[in-house]
Every structure is written in structure tokens, then in C-alpha cells.
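Because the structure is predicted, anything quoted here is derived from the model rather than measured. So you know, we letter chains A, B, ... as the sequences are listed, proteins then strands, and number each from 1. All values below were derived from every heavy atom in this structure, side-chain atoms included, with hydrogens, water molecules and symmetry-related copies excluded.
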Number of protein chains: 2
Amino acid sequence: MTDNNDADGSFDAALAARICWHYFKEGQTQELIAQQLNLTRKRVNRMLAEARERGLVQITIQRPLGPCSELESRLTKMFELRHAIVVPSPIGNTDVRVLVGAAAGDYISDHLTPGGALGIAWGGTINAAAQNVRRRSGEANRVVLLCGGLAESTSINPYDNASMMARALDARCYYITAPMFAASPELRDLLLASEPVRSVLAMVSKLDLALLSAVDLTDQSRALEYGVITRNDWRSLRAAGAVGDICGHYLDADGNVIEHSLTTRVINPSVKSLQAIPLRVLAAGGASKVAIVRAAIRARLCNALITDESAATALVRS
Amino acid sequence: MTDNNDADGSFDAALAARICWHYFKEGQTQELIAQQLNLTRKRVNRMLAEARERGLVQITIQRPLGPCSELESRLTKMFELRHAIVVPSPIGNTDVRVLVGAAAGDYISDHLTPGGALGIAWGGTINAAAQNVRRRSGEANRVVLLCGGLAESTSINPYDNASMMARALDARCYYITAPMFAASPELRDLLLASEPVRSVLAMVSKLDLALLSAVDLTDQSRALEYGVITRNDWRSLRAAGAVGDICGHYLDADGNVIEHSLTTRVINPSVKSLQAIPLRVLAAGGASKVAIVRAAIRARLCNALITDESAATALVRS
DNA sequence: CCAGTCAAGACACATTTGTGACGATTACGG
DNA sequence: CCGTAATCGTCACAAATGTGTCTTGACTGG
């Protein structure tokens, strides 16, 4: 009856849930909970932390929250978006992606209809979103990963993101079983035409909802850090006018698609198929993402936006 | 743009929301938040507490939580309920009504369709539920209070409960503008037939969902404490075999309606009209409520139950 | 059977949080 | 204009929390 179907064994979700209940709902002290449940306080403390990590406790703040909603409505009008969500920028050294991702997880929970098909990009933001989606079960949802994989598993990995999201939604997950960038244009074409890849990509235009992320090409770009592109590519892409990419489509500041040697090798859903998705949510925050976010909107690759206050402020000033 | 439509002025919801965001989502310390926002730490601390009081932050624990879900399925089968929700019993001296109420608020949020009509009873549990409902707006929901009022405003008051719930749901609220017990049977009949009362009661059988509470007649009964009934009535009701009441309908242990001088003066929806409501959720926890909960189920006054572990355990043992 | 390894408990300590006392400042009614 | 009361900030301290280190003990692979 008690389900411990999670991938890793060493975590008693039922116990954690009970601890969370006593702590968050009942407001008891960790000490007392430990006594009652015959645990050490430290254990309680750690399970509490782990439960929050895993998104076992969901903390929602009643929206709208003041100045942010002002920005939201301005963004919505200005860029003709379906929705805009603006969260406060971090005041500490918190990663803005965790915050925007948390909001994105909420958003997905609210907008993915039961049995719906969700496409996702990858990255720190998406990772945080996956951790913050409200768990579902038995709805036959589907998750489609909108990019190829990365061979060397960095801390953030596309397949990992997708599997986490799928697990949270109790969804079937579809992966593009190919690298993000093929070794050669010829190989790319072969892969695109070959079977597992072709049929997964064909699903894209049928999706109900896409959760997209933005890769920037600023000095802070994580693409370099994660080894997605080389520094040479980074330089030449910038020289070609690119400000970043959405699912491997490199865009200039006006939202035009940039041609580049990389783009002849990328394995990704076409711009058209992405545009066919009714609700295309872009989740990206921080100053470095402003240019690519604006470009993505202009390219009509997104019609809903989740971002933070600082980026939103910059966007409405444009 | 920033809406401060709450009844009491001296609470900056937008600021509180921002503080909550930085604290709960970003995980910053109160000290740092205070610095950044130019507030004192104490102020941050108090606003955090107040925000939680007011249900501005919603904490959800991923269900199902182990042993409780076991009880839930047993209750569901045993009593042929639509749903059963069991929450852990308090381990400290927390009021069980707050915990059961919190779960009830969640339940309402999940099951009241937009634009739906909700009937509610009153009491500590309902009060907690109202504080825990997820805020909605612009859905034209309706809330109908299923009992008359109490003249002297105790800490928990029917009109108060209803108004809080209606405010949370941005709902129109309908009150029975009559006392819970009329001074005489004749006056009761006059009131039932008279206009504002009659039409509100007529709405009852059209409701989508009712959130009911159980009044017990044990030694711990709050009905005495709140001065709803006199000690004499309490004694004679018990003598007549009553174990408690649901919306003013006194029941014996088998769920039969008890006749009593009080019941000739009570102003409430008929049993029939209550039974016509598709989803009738009874929220009540603690040992003292076991008998009346069982009676209510037998009387088919409820087909969904929210309770705590101790009461649930007692119920399945019957 | 014996290290070696790893998880979990005991303990200790620094940080963070909740709360009360006290004084300053402001609003308000006479 | 003054006194009163209420509010808010400052300080201080106790409680609760997060995080190390060290130790115990169980399991593992020779």
C-alpha cells in the first residue's frame, strides 16, 4: 500500500511526509517530532531538508504579489503574451534559475491538463521546475524532451531533467535518442530521418504545452560551462549576431534565425513545429537572458513568459 | 493595480508576499531580507507569521502519506464514501480542528469547480478550512451558510466563517438571516416561510458541494463552551440518545433523527435538501467526534470524510 | 575472522528565529 | 497645546535550527 517506487531506495517518503505534516502543518518543533517518532532530531532535520529538496512539500505564495503583477500586466500587453509571471529577483546569492523554475513548476501544474502532452527543454531552470511540479498520478500524461542528449553527464543533463519531470507527472517520457549536435551535417540528416528520432520529433507539433528555456551567449553563458558549445563556436555565433538559442535555434536580437556551422549539425524540432504548440512557455530569468528572451518572443517561439523582476524590468524598458 | 481590498487596512499583502517569497522560496534569512527591504528583522518576522496565519502562504504536503492512506482506503470501502482523507493526529497540544480544517481547505480547493456553489457549516474546523482555501478570484462562486446565526459573537461565529470563506473564494455569500434556534416553534415556522430565509434555504439542494462539520455531545463538546445550547438541553439530548448534530439535525448512534424540543425551534436546511447535494464532505477529527461522524455517514448526510488518524482508527474498528 | 567502509547516532557549537521589555515616536482627542 | 495610547524600533535573551566532528556499530569483501 505504501508506495516506495522512487528510483532511490534510501528515502522513506511516507515517514518524510509525516514529519513534514507535523512540522509545517502542526507547527511542532523538530525536537518533539523526533521524540514522538523515535528518531534523532538530526534525522528529522535532514528529512525535512530532503523533503523540501525533492519537492515533497510545496510552498505556494498567494499571488498576485504587488509590484510584480504590475510588471506582469505590462509584459502581457507589450508582447501580446498569453501569460506573464514575474517573481522577485534573488536578494541573496541564490540562483535565479531555481526561483524562476519554481514558478515554472507551479505554472505547469496549473496549465497542463490531465492526460496532456508536455514538451520540455533542459537546464537549471527546467530542473528546478521539475522539482516543483505538483505530483500527479495515473493521468497518462506524456513528456517529450525537445532536444538531443549530452554524452558527458554534467550536473544538469537533458535526459535527467526529462526523466525527473516525467516521474513527477507519472508520465510516459519520450527522448530524442541522438546527440544534441551530430558529428556532421550528413549524420544529422540520417538521424533526423531515422526511426526513433523521426517519430519523436513528429510528436512535437501535437503537444499541448511546451516549457522552454533560453540559452544566452553572454559572458555568463552556462552553455560554455556545461561544455555544450566550444569557446570557438561561442565567439563565432556572437560574431554572427546571435544572442542565444531556444532549443538549438540560434537567434539574433530581432528574433531572426542565424545560420552557422553548428546549426547544420543540430538535432532539434523545427521552428514551425514549435510554433504549432498552443502554449509555449519560456522560463528564464536574470539580466543575461534579456536579449534572448526578447528575441524568442519576436520569433514567436514563446507566447507565455516566466521571469524575474530584474529581467522583466529590462524587457519593458525596451 | 495593487489590490488592497482586504477588510483590514493595516496589512500590506504585497510586501508580505514579497517577504514570504524571499524567505520560503529563496530561503534567505530574515535578517538579510530585513536589510534588503529596509525593515527591521522583527517586522519581517511578524509579517511572516501573519502571512501564515492569513493563509497567504500555502504549504502542501505531497500526498499520499503512508499509514494514513491505508486508513483512507479502508474508510472509503467500509462506508462507501466518495473520498476519505486522513491526516496525522496532533502530537503536540495543537487543536485537531486546525489540522483537519487545513486538509478540508485543500479539499475544497481541489473539488469546488469554478463558478460552483458551496454550502458550509461552521465551527473551528470550518474556520481553519476557510483560512486554508486557495484564493480564487472572478469565478462567480457562491457560498451558502447552512445554519442560522449566533447573536453573541464568540471567537468562532457562523457569519464570520462564511464571510471568510466567501472572501477567500471571491464568492457571493448567502446567509440565513435568522437565529440558529428561534425563540418558539411558531416563530420558527414564520421565519422559514418568510422571504429572505426561504429563498436561501431553497438554494441548498442546488449546491454542488457542502462542507459540513459535526457537533458532538460528549463532555468535551464545544457547543456548551460557545453557548450554542444550554447544559439542560445537552443533558436531555443525551438522554434522548443523541450523539451530536449535523447542521442542527440531532442524530442517535445509528443515524436516526432525534426529536426534541430544540428541534422544533431549529432553523436549518432539511435533511432531504442536504442529501440532495452531490458531494457532502464532513470534516471532523478527534476522539469525541467518532460517534457523530459514524451517525452522519449512516444518515447519508455525508459521502466524503476528512478526519484525523485517531478518529479514523476508531471508525474502522467499529 | 579481520580490516575497511559507510551509515547513523551523540555531542557540540554557530546561526537563526521567536518573543519580551523598554524607550521613542506618532496619532488622536480633548 | 498637552496627555494618552498605540505603534514601532532597539536591545536582549531564550528557544529552535543547521551543521560540523567524532564515535559507534553494522555490513562487506577479502
Could you check whether any side-chain N or O of [X] sits under 3.5 Å from a backbone N or O of [Y], counting only pairs where one atom can act as donor and the other as acceptor?
X: A:S73; Y: A:E70; answer: yes
X: A:T307; Y: A:A284; answer: yes
X: B:S109; Y: B:V133; answer: no
X: A:S288; Y: A:T218; answer: no
X: B:E72; Y: B:V86; answer: yes
X: B:D308; Y: B:V100; answer: no

Take nucleotides 13-27 of chain D nucleotide by nucleotide from the 5' end and write B, S or -, depending on whether a protein heavy atom sits under 4.0 Å from the base, only from the sugar-phosphate, or from neither. ---SBB-BB------
One should read off an interatomic distance between B:D106 CG and B:T60 OG1, to the nearest 0.5 angstrom, of 5.5 Å
Find the distance between CZ (B:R135) and CG (B:N132) and round it off to the nearest 0.5 Å.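 So the gap between those two atoms works out to 8.0 Å.
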Tell me, please, the opening and closing nucleotides of DNA chain C, 5' to 3', among those with an atom under 4.0 angstrom from a non-hydrogen atom of chain A. C:dG9 to C:dA10
Describe, as an angle rounded to 10 degrees, how the axis at the first end of the helix from C:dC1-D:dG30 to C:dG30-D:dC1 is tilted relative to the axis at the last end, five pairs per end. 30°
Would A:R54 and A:E50 pass as an ion pair if we require N to O under 4.0 Å? yes
Between B:K289 and B:D216, does any side-chain N to carboxylate O distance fall below 4.0 Å? yes
Nearest-Å distance, CE (B:M47) to P (D:dG9)?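 For the pair B:M47 CE and D:dG9 P, the rounded distance is 11 Å.
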